[in-house]
Amino acid sequence: MPSDAPAPAVWRIALPHSAAAVPIARALIRTVLADLDADSDTAELLTAELVANAVEHTPGDHPVELVVELLPTGCQVEVHDGDPAPPGDLSRPEPDSMPDPWQEHGRGLLLIRTLSSSCGHRTTERGKAVWFTLPATGQPAAVAAGHQRLRP
């Protein structure tokens with residue numbers, strides 16, 4: 001039985017295995033989400049983190065692939081790379097594994113866990129895909145996912 005629902009829109013782009021990939025990925029996200037009720041600033045930040053991690057932590061010079069899928073409930077962003085090793089802990093970390101606030105690196109996965117409505121990774125035929133989703137409502141992901149925020 002055919003569905004009347006339109007297929008989700010999907011964008012795929014191969015990015016260079018270099019720091020130049022990050023601004024390209026940010027521009028694509030900004031363009032894709034321009035006309036949607038979505039938090040494009042958060043999407044840009046999290047996409048930049050995923051792409052930077054793929055470039056920095058995977059060997060070789062093979063391109064990484066950015067996949068952006070618009071869903072009825074929001075968007076999903078995936079970054080594919082050639083290394084099948086897991087990216088780190090995308091679930092809740094142990095309390096003593098929190099990044100040092102004085103260090104330059106180590107906050108990317110924390111940002112992805114905190115600001116996305118869901119995230120994870122999966123193995124692929126050529127390595128892995130690391131992904132996150134954001135709601136289409138324009139409200140912060142933690143609110144849309146039902147999380148409570150702590151006040152200072």
Side-chain angles (χ1 to χ4, degrees), residues 5-83 85-93 98-99 101 103-150 152:
V10 178
W11 287 262
R12 292 179 177 272
I13 185 170
L15 301 169
H17 198 276
S18 71
V22 174
I24 296 167
R26 290 180 80 114
L28 177 68
I29 290 294
R30 194 170 36 252
T31 301
V32 167
L33 299 182
D35 295 331
L36 296 180
D37 185 20
D39 185 353
S40 61
D41 290 338
T42 300
E44 279 188 59
L45 172 66
L46 300 186
T47 300
E49 290 295 336
L50 284 186
V51 171
N53 282 349
V55 168
E56 183 175 342
H57 298 293
T58 60
D61 58 356
H62 295 299
V64 296
E65 183 181 34
L66 175 63
V67 180
V68 181
E69 182 175 6
L70 300 182
L71 306 167
T73 58
C75 72
Q76 179 165 311
V77 176
E78 293 186 348
V79 174
H80 296 240
D81 63 54
D83 186 358
D89 192 2
L90 283 169
S91 61
R92 294 212 174 263
M98 294 300 288
Q103 295 300 311
E104 185 175 329
H105 299 286
R107 291 181 208 79
L109 295 179
L110 174 65
L111 287 171
I112 293 165
R113 283 191 306 266
T114 304
L115 298 176
S116 68
S117 54
S118 61
C119 61
H121 73 280
R122 61 184 169 80
T123 56
T124 64
E125 290 180 13
R126 296 184 185 136
K128 71 175 169 298
V130 184
W131 58 270
F132 68 85
T133 59
L134 290 175
T137 62
Q139 61 186 324
V143 174
H147 301 293
Q148 293 182 348
R149 294 213 181 256
L150 298 177

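No hydrogens, no waters, no symmetry mates; every other heavy atom, side chains included, goes into these values. We count residues from 1, following the sequence as given.
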Just verifying a value: how many Å separate [X] [atom1] and [Y] [atom2], rounded to the nearest 0.5 Å?
X      : Y      : atom1 : atom2 : value
Leu45  : Arg26  : CG    : CZ    : 6.5 Å
Leu109 : Glu49  : CG    : CD    : 8.5 Å
Gln76  : Glu69  : CD    : CD    : 6.0 Å
Leu50  : Leu111 : CG    : CG    : 10.5 Å

Looking only at atom types and distance, does a side-chain atom of [X] sit under 3.5 Å from a main-chain N or O of [Y], one as donor and one as acceptor?
X      : Y      : value
His80  : Arg126 : no
His57  : Pro87  : no
Thr133 : Ser117 : no

So do [Y] and [X] actually touch side chain to side chain, heavy atoms under 4.5 Å?
X      : Y     : answer
Val130 : Asn53 : no
Val77  : Leu46 : no
Phe132 : Thr47 : yes

Which atom of [X] lies closest to which atom of [Y], heavy atoms considered:
X      : Y      : result
Ala48  : Val22  : CB-CG1, 3.7 Å
Leu134 : Ser116 : CD2-CA, 3.8 Å
Leu33  : Ala43  : CD1-CB, 3.4 Å
Lys128 : Asp83  : NZ-O, 2.9 Å
Val64  : Pro16  : CG2-O, 4.4 Å
Ala19  : Val55  : N-CG1, 4.2 Å

Point to revise | Positive for side-chain hydrogen bond (donor to acceptor under 3.5 Å, both in side chains) with Glu78, one of His121, Arg122, Arg12 | key: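 Passing option: Arg122.
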Practice item. Please assess Trp11 against Leu70 for the test side-chain contact (heavy atoms from CB on, under 4.5 Å), listing each intermediate value before the final yes or no. Key: CA-CA 9 Å; Trp11 287 262; Leu70 300 182; 3.4 Å; yes
